[in-house]
Amino acid sequence: MALATLTLAGLPIIGASGSASAALAPPCSETIGTQDVPLWRRSADTSPVTAADLAALPAQETSRRTLAREVAPRLASSVTIPVYVHVIKGKHRGENHTAGPRKVARAIATLNGGFHAQQSALGVSTRYTFKLRRIDWTRRDGWYHAFLNGPRDRAAKRKLHRGGSRTLNLYINGGGRPNEPILGWARFPWQYDRAPKLDGVSVNVASLPGGRARGYNRGDTVVHETGHWMGLLHTFQGGCSETNDQVSDTPAEAEPSFYCDTTRDTCLESPGLDPVHNFMDYSLDSCMDRLTAGQVGRMDAAFVRWRK
């Protein structure tokens with residue numbers, strides 16, 4: 001499958017009215033559409049990004065001056081986020097013994113490692129530490145095969161969700177319909193107020209360390225999806241446009257990276273190579289290993305404004 005035929009990746013920007021107003025910015029090189037899209041990356045992991053989403057936290061609100069004057073004074077130097085983990089089991093072979101306490105602990109350790117720059121010396125650490133509060137297990141086949149914003153996904157979250165806006169609810173399931181696997185999905189922080197019970201992060205059990213999602217089974221999906229939960233967009237959001245992902249220190253990227261081509265440059269007129277090592281790209285887990293200072297600042301601003 002070529003990227004040009006990928007209709008579910010959430011790449012178009014949708015107008016506030018809900019109609020498609022523009023696709024990604026015009027490609028800046030001839031590499032668009034040349035990558036095969038891995039099965040695990042063929043479905044969206046957030047709702048389509050709308051004009052309202054982009055307006056929720058514009059780049060000017062994460063400038064150094066604004067962060068120093070209005071954001072940093074409202075945050076402790078270290079913030080602990082409680083985590084409720086909801087493990088959902090299916091009824092078919094291999095779906096009952098999905099994630100026990102050890103696997104959950106490894107997932108939380110991977111999440112903290114990503115947010116504390118433990119995977120790369122070039123990464124920037126955040127102030128956030130995720131602490132496991134409780135694990136529960138539910139056996140329900142429909143919920144196990146739930147997908148982003150589907151009726152079963154909504155039903156599971158309305159039933160299982162715990163805590164408030166500063167509590168991370170992490171759902172572990174089978175991610176998607178048969179033969180249509182989804183690595184994970186998440187809600188943005190500015191979506192919390194209108195649907196608090198739907199807030200949280202879902203990850204496919206196959207993406208956890210040692211899972212069967214080959215290439216994507218080191219656990220970095222939970223870092224990526226929690227990045228969305230904290231307010232980050234994909235590095236390829238907006239393509240080669242000037243504002244792209246609303247973070248100034250992530251080079252513009254015309255399309256997702258599905259592998260780990262460190263010489264890749266899909267926006268030739270913009271400075272920097274594609275940020276294939278960034279947690280908010282779609283690269284292999286062995287490739288994604290860092291966040292930038294700009295992304296950390298954006299998360300701080302989103303946390304203060306939307307996770308009150």
Side-chain angles (χ1 to χ4, degrees), residues 8 37-46 83-115 119 130-162 167-187 198-229 258 279 282-288:
L8 295 178
V37 180
L39 176 65
W40 294 99
R41 289 295 194 196
R42 292 180 184 176
S43 297
D45 67 334
T46 67
V83 183
Y84 285 86
V85 176
H86 312 285
V87 181
I88 302 172
K89 302 179 181 183
K91 67 178 183 180
H92 302 95
R93 184 178 179 180
E95 297 176 354
N96 190 39
H97 302 288
T98 52
R102 289 186 180 181
K103 186 166 286 189
V104 169
R106 284 189 67 187
I108 300 299
T110 301
L111 175 58
N112 280 317
F115 270 66
Q119 291 195 29
F130 298 87
K131 185 175 181 179
L132 180 63
R133 179 68 60 85
R134 193 177 73 182
I135 311 172
D136 57 63
W137 288 267
T138 301
R139 185 177 183 180
R140 190 154 178 174
D141 197 63
W143 291 1
Y144 180 82
H145 294 287
F147 53 91
L148 170 65
N149 286 335
R152 294 171 178 175
D153 180 46
R154 295 194 298 269
K157 289 176 177 174
R158 286 175 178 143
K159 178 68 175 180
L160 300 175
H161 187 277
R162 298 290 182 271
T167 299
L168 174 62
N169 279 258
L170 174 61
Y171 301 85
I172 299 174
N173 64 6
R177 302 180 180 93
N179 302 317
E180 296 180 26
I182 305 172
L183 280 175
W185 60 94
R187 299 272 293 183
L198 301 184
D199 186 57
V201 164
S202 296
V203 297
N204 193 316
V205 65
S207 74
L208 299 184
R212 65 182 179 86
R214 187 175 180 181
Y216 306 100
N217 60 353
R218 294 190 178 188
D220 285 340
T221 294
V222 71
V223 183
H224 177 103
E225 301 304 338
T226 303
H228 287 313
W229 185 81
F258 298 113
F279 281 122
Y282 270 3
S283 304
L284 298 171
D285 277 15
S286 59
C287 191
M288 297 194 301

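Since the model is a prediction, treat every value here as computed from it, not as a measurement. For reference, positions follow the sequence shown, starting with 1.
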Hits for salt bridge (charged side-chain N to carboxylate O under 4.0 Å, His left out) against Asp285, two or more places apart or cross-chain, chain-then-number order -> none
Could you work out, with side-chain contact (heavy atoms from CB on, under 4.5 Å) as the rule, every residue matching Arg212, not counting sequence neighbours?
Trp40, Ala206
Please round to the nearest 0.5 Å and tell me the distance separating atom NZ of Lys131 and atom CG of Asn112.
11.5 Å
What residues form a side chain to side chain donor-acceptor pair (under 3.5 Å) with Asn217, not counting sequence neighbours?
none
Can you tell me how far the CG atom of Leu170 sits from the CD1 atom of Ile172, to the nearest 0.5 Å?
5.0 Å
Considering residues at least two apart in sequence or located in another chain, which fulfil the side-chain contact (heavy atoms from CB on, under 4.5 Å) criterion with Arg214?
none
Contact between Arg162 and Arg133 at the side-chain level, heavy atoms closer than 4.5 Å - yes or no?
no
Under the side-chain contact (heavy atoms from CB on, under 4.5 Å) test, residues paired with His228 that sit two or more places apart
Asp45, Thr46, Ala186, Phe188, His224, Glu225, His234, Met280
Any chance you could measure Leu208, atom CG, to Asp220, atom CG, to the nearest 0.5 Å?
11.5 Å
Lys NZ or Arg CZ of Arg41 over Phe258 ring: under 6.0 Å, within 45°
no
Working to the nearest 0.5 Å, report the span between OG of Ser283 and OH of Tyr216.
8.0 Å
Out of curiosity, Ser202 OG to Ile88 CD1, how far, rounded to the nearest 0.5 Å?
7.0 Å
Ignoring hydrogens, what is the shortest heavy-atom contact between Asp199 and His161? Give both atom names and the distance.
O-CD2, 3.3 Å
Mind checking side-chain contact (heavy atoms from CB on, under 4.5 Å) for Lys89 and listing every partner two or more places apart, or none if nothing turns up?
Asn96, Thr98, Trp137, Arg139
For the residue pair Phe115 and Phe130, does the interplanar ring angle fall in the parallel (under 30°), tilted (30 to 60°) or perpendicular (over 60°) class?
perpendicular
For the OG1 atom of Thr138 and the CG atom of Leu160, what is their distance to the nearest 0.5 Å?
4.5 Å
Please enumerate all residues that pass salt bridge (charged side-chain N to carboxylate O under 4.0 Å, His left out) together with Arg177, with sequence neighbours excluded.
Glu180
Side chains of residues 140-153: which donor-acceptor partners sit under 3.5 Å, not counting sequence neighbours?
from: Asp141; atom 1: OD1; to: Lys91; atom 2: N; distance (Å): 3.1
from: Asp141; atom 1: OD1; to: His92; atom 2: ND1; distance (Å): 3.3
from: His145; atom 1: NE2; to: Glu95; atom 2: OE2; distance (Å): 3.2
from: Asp153; atom 1: OD1; to: Lys157; atom 2: NZ; distance (Å): 3.2
from: Asp153; atom 1: OD1; to: Trp185; atom 2: NE1; distance (Å): 3.4
from: Asp153; atom 1: OD2; to: Asn149; atom 2: N; distance (Å): 3.1
from: Asp153; atom 1: OD2; to: Trp185; atom 2: NE1; distance (Å): 3.3

Who passes ring-ring contact (aromatic ring centres under 6.0 Å, His included) against Tyr171, sequence neighbours left out?
His86
Residues which pass side chain to side chain donor-acceptor pair (under 3.5 Å) with Thr221, listed by chain and number, not counting sequence neighbours:
none
Hey, does the side chain of Arg42 reach the backbone of Val37 with a donor-acceptor pair shorter than 3.5 angstrom?
yes
Side-chain (Asn204) to main-chain (Gly174) donor-acceptor, under 3.5 angstrom
yes
Nearest heavy-atom approach of Leu183 to Ala213 is CD2-CB, 4.0 Å
